[in-house]
There are 4 protein chains.
Amino acid sequence: MSEEEVLIHQLFDEEKLTDKQKKIIVAAIESFSEKGYAATSTNEIAKKAGVAEGTIFRHYKTKKELLMSIVAPLMAKMIGPFVVNDFNKVLDREYDRVEDFLRATIENRRAVLIKLLPVVKIMLQEIPFQPELREQFLEQIAKKIFDRVSGIIESYQEKGQLIEMPPESLARLAITNILGYLFTRYVLFPDSHWDDELETERTVQFIMHGLARKESN
Amino acid sequence: MSEEEVLIHQLFDEEKLTDKQKKIIVAAIESFSEKGYAATSTNEIAKKAGVAEGTIFRHYKTKKELLMSIVAPLMAKMIGPFVVNDFNKVLDREYDRVEDFLRATIENRRAVLIKLLPVVKIMLQEIPFQPELREQFLEQIAKKIFDRVSGIIESYQEKGQLIEMPPESLARLAITNILGYLFTRYVLFPDSHWDDELETERTVQFIMHGLARKESN
Amino acid sequence: MSEEEVLIHQLFDEEKLTDKQKKIIVAAIESFSEKGYAATSTNEIAKKAGVAEGTIFRHYKTKKELLMSIVAPLMAKMIGPFVVNDFNKVLDREYDRVEDFLRATIENRRAVLIKLLPVVKIMLQEIPFQPELREQFLEQIAKKIFDRVSGIIESYQEKGQLIEMPPESLARLAITNILGYLFTRYVLFPDSHWDDELETERTVQFIMHGLARKESN
Amino acid sequence: MSEEEVLIHQLFDEEKLTDKQKKIIVAAIESFSEKGYAATSTNEIAKKAGVAEGTIFRHYKTKKELLMSIVAPLMAKMIGPFVVNDFNKVLDREYDRVEDFLRATIENRRAVLIKLLPVVKIMLQEIPFQPELREQFLEQIAKKIFDRVSGIIESYQEKGQLIEMPPESLARLAITNILGYLFTRYVLFPDSHWDDELETERTVQFIMHGLARKESN
DNA sequence: CATGAATGAGCTTTCATTCAT
DNA sequence: GATGAATGAAAGCTCATTCAT
């Protein structure tokens, strides 16, 4: 299975797509992520996909609908692991210590990010300009993840592993660092040399203990 | 002085702009940040600025040149405080403790960000698509800031205030958190209720000590 | 078949043109020859052709490509009769005397000129400004015709019918007179009264004997 | 006096032109002859002339008026030698033989053509598209020259030097050959190697005796 | 289903011309 | 007289979308 087919498969696992549809999606993802949604013409997508321009509009009423059909499944994917019903309990059992939970989360999100990187780029680019997308993202994705993470954090607080601070603030800080790390690693400087394991560990340790030297240690 | 004039003044302090040019710049910033560069037509900018479309092209040979004339000065502004020659020494004296340095830096960058927020949005949006911008940003801005912050961190490490870790990693973590905070505060959720002083303090404390509860306390 | 269809057929005999394409070509020829290439707008051509402006650019990437698509086949037509492989031999047999060859050539070129007159005008107008056209014309058309005519002249010289003079100079003089005649007749003063047969004969006689009165006759 | 000043002086001998006006004229001639009237912008002329665009329109109400102000004096120049009142008599006396008259005319027109070549090009280019120019040229220039040449020819006919044929036809043939020669020499192939004296002589001999070999010689 | 020619609104840019300075 | 900023119409060209085949 080629890399593109993996991407398609990741995004549209259950949906039935014709062969041409897949080609259109792949071409659109490539062009949108390279040049931006507004700067990509449907003609260009059609050529890259090897289909007639009319074929695009047979499957997607408008260019925007094509965009949405790409980005929407990504949102579902992103929220996925956090909305499994008994996520908390599972986590509680699986990861006794916050560090382990963080490490696992980073690895988990990293896997998704790498595979879907172009689609993630498209989503981030278009969120500011597509109110529909923005709303969907903020209320359905960001909020849910945020709430769930807050819940998890609370449970760790109850176990006395985390400092006393409103869980929302802790969630913000934790999420910022995980996403900041992945963003720096894969979007800003993908070409630098990275020792992933080491840098992950540093990020985890930083989240836990900050960067102040402990005098008494 | 209106808010717009402040923005213009902040960006183009030394440059001499005609009245029409200012109007064009203000209109372009507004439209670009609202709808994106590619989705904004020069016709729209002209109307909003109250000038003829031809007037835009008298001052800026192309639409892209107009974009660049807006974003380039921002870059200079961003890098400004970090390239003052003896920044390190000043800081060493002024801020004995890392916390104070962090707090001051957050406040300092916050001021710039608030005033130039729309331009910052434009820059972030277009960096992925304008290779010229991207290169300028990465090599001239990001790298310089990164190096300078690394230097500052080293000096605090030498004073024994920071943990032993490659300064570059520490710099990444610190910058991520400051920008992540400002981004969340002003770009993602500008409309939420924020207790700025408190949240700044939390961010600083987090950077210093992480979010693990200290057993010995 | 209308006059326009004849023109189109003459130029694009083997090519397959859609109906709209034919209309565009006809309209472009008309406008270009009347107002000149640079002074004709694509909007005007579209209106005259009864198609949308976009349709023009679907078939021809640029306005210049439209021009070239009109003029290029003319060049092929012009060179046509001179590049038939065994042209010389045929001529040798067919026209024993130079006079007969001249007369036949004038009639032959006249027929092409009349049918394609507007296109000829366009070509002559644009040769000085389109380097591509100029080069193509000089090297591929003018040179070939010139060489072939020189060859023919040489064969008549060998038969003792023409004076001793470098064939190139003779060719220049002969061609100048034939084209000069046709140009005067059809381009400069098409509306004067012309006795074509008589004037052709005069031209032929002039080319042969000049305009000096033969004292000894 | 530079080459440009010579050109200006040749065209506008008696007129009083300001320094800026001269620069405008020179720049316009250069651009018009290189790119064509319609394809030359006033902005381009202004830049090449080193004046403000407004200055052009201070001297010439429209772009077309600028064109006319360049081409009109050329027409006067062209007709010049032919309208001197007693041209015929002078010629009769000066050039007893037709050959000498032809030779002198070629040399005379050659001098004008070389100096004013760019302006001649402009005129030839624009005659088909500027009705005003066309009319002026045909009725005032071509006709007058034609008539005068016909007259001269008649006088040579009366002296028994030229064959019996309507003088208009003879005039057409003679003019065609002189212009055809000069056009080939200076416009079509200015860069070829030319032995001017020899080629002139050949042209004269051809006009006189044609290119048929005289059996009795 | 798929095509691709056709559309016409809209795009960026250029133009000749005006006019306050 | 000279300037050059300003104009807005018009230029060449692109676009998302439609529809007959």
Side-chain angles (χ1 to χ4, degrees), chain A residues 18-21 23-24 37-47 49-67, chain B residues 18-21 23-24 38-47 49-66, chain C residues 18-21 23-24 37-47 49-66, chain D residues 18-21 23-24 37-47 49-66:
Chain A
T18 69
D19 198 50
K20 303 239 171 200
Q21 237 170 325
K23 280 181 188 163
I24 291 169
Y37 167 74
T40 299
S41 73
T42 50
N43 168 43
E44 186 191 332
I45 296 171
K47 270 185 189 146
V51 304
E53 216 167 341
T55 308
I56 295 177
F57 289 91
R58 182 148 292 280
H59 290 288
Y60 309 93
K61 270 206 289 290
T62 64
K63 188 185 166 193
K64 189 168 286 180
E65 196 180 298
L66 172 58
L67 170 67
Chain B
T18 69
D19 197 49
K20 303 241 170 199
Q21 238 171 323
K23 280 180 188 164
I24 291 169
T40 299
S41 74
T42 50
N43 168 39
E44 186 190 332
I45 295 171
K47 270 184 189 149
V51 304
E53 212 166 343
T55 306
I56 295 177
F57 290 92
R58 171 153 290 277
H59 291 289
Y60 308 94
K61 273 201 285 290
T62 63
K63 190 186 165 192
K64 188 168 285 180
E65 194 180 300
L66 172 59
Chain C
T18 69
D19 197 51
K20 304 243 168 196
Q21 237 172 322
K23 281 181 188 163
I24 292 169
Y37 167 75
T40 300
S41 74
T42 50
N43 169 40
E44 186 190 333
I45 295 171
K47 272 184 187 147
V51 304
E53 209 167 345
T55 306
I56 294 177
F57 291 94
R58 171 154 290 277
H59 292 289
Y60 308 93
K61 273 201 287 290
T62 63
K63 190 186 165 194
K64 187 167 286 178
E65 197 181 299
L66 172 58
Chain D
T18 69
D19 196 50
K20 302 239 171 203
Q21 240 171 321
K23 281 181 187 163
I24 291 169
Y37 167 75
T40 299
S41 73
T42 51
N43 167 43
E44 186 190 331
I45 296 171
K47 270 185 189 146
V51 304
E53 214 167 341
T55 308
I56 294 176
F57 289 90
R58 182 148 291 281
H59 291 288
Y60 308 94
K61 270 207 289 291
T62 65
K63 189 185 163 193
K64 188 168 286 179
E65 197 181 298
L66 171 60

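Note on naming: letters A, B, ... go to the chains in the order of the sequence lines (proteins, then strands), and numbering restarts at 1 for each one. Computed over heavy atoms, backbone and side chain alike; hydrogens, waters and symmetry mates excluded.
Looking at heavy-atom distances under 4.0 Å, D:Thr18 makes no contact with the nucleic acid at all. Nucleic acid contact for B:Ser41: sugar-phosphate only, since backbone atoms but no base atoms lie under 4.0 Å from a heavy atom of the residue.
A straight line from NZ of C:Lys23 to P of E:dA5 spans 16 Å, rounded to a whole angstrom. As a whole-Å value, the separation of C:Asp19 CG from F:dA20 P is 17 Å. Remark: C1' of E:dT14 and NZ of C:Lys63 are 13 Å apart, rounded to the nearest angstrom. Between B:Phe57 atom CZ and E:dT13 atom C1' there is a gap of 5 Å when expressed in whole angstrom units. Summarising the geometry, the separation between NZ on B:Lys47 and P on F:dT7 is reported as 15 Å, rounded to the nearest angstrom. One interatomic measurement links the two molecules: CG of D:Leu66 to P of E:dT17, which rounds to 10 Å at whole-angstrom precision. If you measure from atom CD1 of D:Ile56 to atom C1' of F:dA2, you get 12 Å, rounded to the nearest angstrom. Per the geometry, CZ belonging to B:Arg58 stands 17 Å off C1' belonging to E:dT12, to the nearest Å.
Distance from the side chain of D:Thr42 is smallest to E:dT17 among E:dT17, E:dT7, F:dA16. Of the listed nucleotides (E:dT3, E:dC11, F:dA6), E:dT3 has the atom at the smallest distance from the side chain of A:Lys20. Nearest nucleotide to the side chain of D:Ala52, out of F:dT3, E:dG8, E:dT3: F:dT3.
Two residues, B:Lys64 and C:Gly50, neighbour DNA chain E, and the one matched to the more 5' nucleotide by heavy-atom proximity is C:Gly50. Checking B:Gly54 against C:Thr62, the closest nucleotide of DNA chain F that is more toward the 5' end is the one next to B:Gly54. Taking for each of B:Val51 and C:Lys61 the nucleotide of DNA chain F with the nearest heavy atom, the 5'-most of the two is the partner of B:Val51.
Look at B:Thr55 and you'll find a side-chain N or O under 4.0 angstrom from OP1 or OP2 of F:dT7. Distances shorter than 4.0 Å separate some side-chain N or O of A:His59 from OP1 or OP2 on E:dA2.
Summarising the base pairing, E:dT21 is matched to F:dA2 through a Watson-Crick or G-U wobble pair whose two defining distances lie under 3.5 Å. Using Watson-Crick or G-U wobble geometry with both donor-acceptor distances under 3.5 Å, E:dT12 finds its partner in F:dA11.
Here the CD1 atom belonging to A:Ile24 is positioned 10.5 Å from the OG1 atom belonging to A:Thr42, to the nearest 0.5 angstrom.
Here the side chain of C:Glu65 pairs no donor or acceptor atom with the backbone of C:Tyr60 at under 3.5 angstrom.
Annotation for A:Asn43 and A:Glu53: closest pair N-OE2, 3.2 Å, computed over non-hydrogen atoms. D:Ala38 and C:Ala38 make their closest contact through CB-CB, 3.6 Å (heavy atoms, listed as atom of the first residue, atom of the second, distance).
Both the sub-6.0 Å distance and the 45° axial angle are not jointly satisfied by D:Lys64 relative to the ring of D:Tyr37.
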